[in-house]
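Beneath this line is the structure, given in structure tokens, with notes to follow.
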Amino acid sequence: MSGEQRDVQLEASWRALLADQFALNYMHSLRQFLVAEKQQGKQIYPAGADIFNALNSTPFDQVKVVILGQDPYHGPDQAHGLCFSVRPGVALPPSLKNIYKEIHADLDLPVSRHGCLDAWARQGVLLLNSVLTVAAGQAASHQGKGWEVFTDRVIHVLNEHGQNLVFLLWGSYAQRKGAMIDRDRHLVLQSPHPSPLSAHRGFFGNQHFSRANAWLLEHNKTPIDWRVE
């Protein structure tokens, strides 16, 4: 195993499936890019220890549901490596507010006052952004630097080796990212993004949370408790 592979703190089951990626040219280039960003004095979100938080929080063999995001939040104290999630005490982002509204309408669950989705991750919801880092205050600043190749590999592994998974693809970006998923083996639910700009065009009323749980029950898996307490 190379030094770069050893440096990455990655949960064991994911490491076994993804370790080869850290020896490839795109990952070397990505690492060099991130080093250069820091040398220029840029603040990178999330913190280094949280970059792979989605994978570290939800081991491969525990994944039941995959939610695909785009980029980490670029404001202070927001991003912690789980898409759509913020730490307790941080104001709820607008898209997450709309996710909570749909959960309430779909399942009649109370709307949470905080935005930390760790409880979902622990139950098998992989909260994966396509791009795993961002520069502070600069939305989408790390797109096209290599992260997409890595997360495409994550989705490929899930598609090939996962069993009866649910993929929630909200918005055109996530839907393009999920184009490789085998619909004969996994449930793929698509709708507009929960952003205030698009939620009223079909995210509200999509019933993705109850539909995901119905699929899990049909395949003898424990459903997700979508409450955030």
Side-chain angles (χ1 to χ4, degrees), residues 9 11 43-59 62-140 142 151 166-171 173-174 189 191-200 202-213 216 222-229:
Q9 300 301 311
E11 186 274 331
Q43 176 76 45
I44 305 300
Y45 297 136
D50 287 334
I51 290 174
F52 296 104
N53 194 21
L55 301 176
N56 291 336
S57 297
T58 312
Q62 295 179 21
V63 175
K64 301 176 185 176
V65 178
V66 181
I67 298 178
L68 287 181
Q70 190 163 346
D71 296 273
Y73 296 121
H74 57 86
D77 302 318
Q78 290 184 303
H80 67 117
L82 304 179
C83 72
F84 294 105
S85 179
V86 293
R87 294 197 186 281
V90 177
L92 292 180
S95 291
L96 185 54
K97 287 183 180 179
N98 286 339
I99 290 170
Y100 285 170
K101 287 179 182 178
E102 175 56 24
I103 290 172
H104 175 70
D106 185 14
L107 298 170
D108 196 27
L109 295 177
V111 175
S112 176
R113 295 181 181 180
H114 73 81
C116 185
L117 304 180
D118 281 341
W120 292 1
R122 290 194 300 270
Q123 294 179 75
V125 181
L126 181 65
L127 296 161
L128 181 69
N129 276 317
S130 174
V131 176
L132 301 188
T133 58
V134 70
Q138 300 178 25
H142 290 184
T151 52
V166 182
F167 290 84
L168 304 185
L169 307 181
W170 300 331
Y173 186 95
L189 299 177
S191 81
H193 194 275
S195 160
L197 297 174
S198 57
H200 292 279
F203 177 80
F204 291 137
N206 66 22
Q207 298 183 323
H208 280 186
F209 304 96
S210 61
R211 291 168 68 186
N213 278 352
L216 295 176
T222 305
I224 305 299
D225 182 352
W226 294 105
R227 289 176 294 182
V228 179
E229 296 179 327

[Y] and [X], any side-chain heavy atoms less than 4.5 Å apart:
| X | Y | result |
| --- | --- | --- |
| Thr222 | Leu216 | no |
| Glu102 | Ile99 | no |
| Leu82 | Ser57 | yes |
| Arg87 | Asp50 | yes |
| Leu96 | Leu117 | yes |
| Leu68 | Ser130 | no |
| Lys101 | Pro194 | no |

Under a 3.5 Å threshold, yes or no: a donor from one side chain and an acceptor from the other, between Ser198 and His193?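 No, because no side-chain N or O of Ser198 sits under 3.5 Å from a partner of the opposite role on His193.
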Considering all heavy atoms, the nearest [X]-[Y] contact:
| X | Y | result |
| --- | --- | --- |
| Ala174 | Leu169 | O-CD2, 3.8 Å |
| Cys116 | Val228 | O-CG1, 3.4 Å |
| Ala79 | Pro46 | O-CB, 3.6 Å |
| His114 | Leu92 | C-CD2, 3.4 Å |
| Val166 | Ala212 | CG1-CB, 3.9 Å |

Measure from the ring center of Phe204 to the ring center of His200 and say whether it is less than 6.0 Å.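 Under 6.0 Å, so yes.
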Listing request: all salt bridge (Lys or Arg N to Asp or Glu O under 4.0 Å) pairs with a residue in residues 64-77, at least two apart in sequence or in separate chains.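 Pairs touching residues 64-77 that pass the test: none.
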Picking from Trp170, Tyr73, Trp120, what satisfies ring-ring contact (aromatic ring centres under 6.0 Å, His included) with Phe84?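 Between Phe84 and the candidates, ring-ring contact (aromatic ring centres under 6.0 Å, His included) is satisfied uniquely by Trp170.
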What's the spacing between [X] [atom1] and [Y] [atom2] if we round to 0.5 Å?
| X | Y | atom1 | atom2 | value |
| --- | --- | --- | --- | --- |
| Asn129 | Asn53 | CG | CG | 11.0 Å |
| Glu11 | Thr58 | CD | OG1 | 9.0 Å |
| Ile67 | Leu168 | CD1 | CG | 5.0 Å |
| His142 | Thr133 | NE2 | OG1 | 5.0 Å |

Main-chain N/O of [Y] paired with [X] side-chain donor or acceptor, under 3.5 Å:
| X | Y | value |
| --- | --- | --- |
| Asn98 | Ser95 | no |
| His104 | Leu109 | yes |
| Glu229 | Ser112 | no |
| Gln78 | Gly75 | yes |

Should the ring pair Trp226 and Phe209 be called parallel, tilted or perpendicular, given that the plane angle runs from 0 to 90° and is split at 30 and 60?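 Aromatic pair Trp226/Phe209 classed perpendicular.
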Name all residues meeting the side chain to side chain donor-acceptor pair (under 3.5 Å) criterion together with Arg227; count only those two or more places apart in sequence or in a different chain, and write none if there are none.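 Arg227 satisfies side chain to side chain donor-acceptor pair (under 3.5 Å) with Asp225 once adjacent residues are dropped.
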Listed by chain and number, what are the salt bridge (charged side-chain N to carboxylate O under 4.0 Å, His left out) partners of Asp106, not counting sequence neighbours? none
Check the pair Asn206 / Leu189 against side chain to side chain contact (heavy atoms under 4.5 Å, CB included), numbers first and verdict last. CA-CA 9 Å; Asn206 66 22; Leu189 299 177; over 6 Å; no
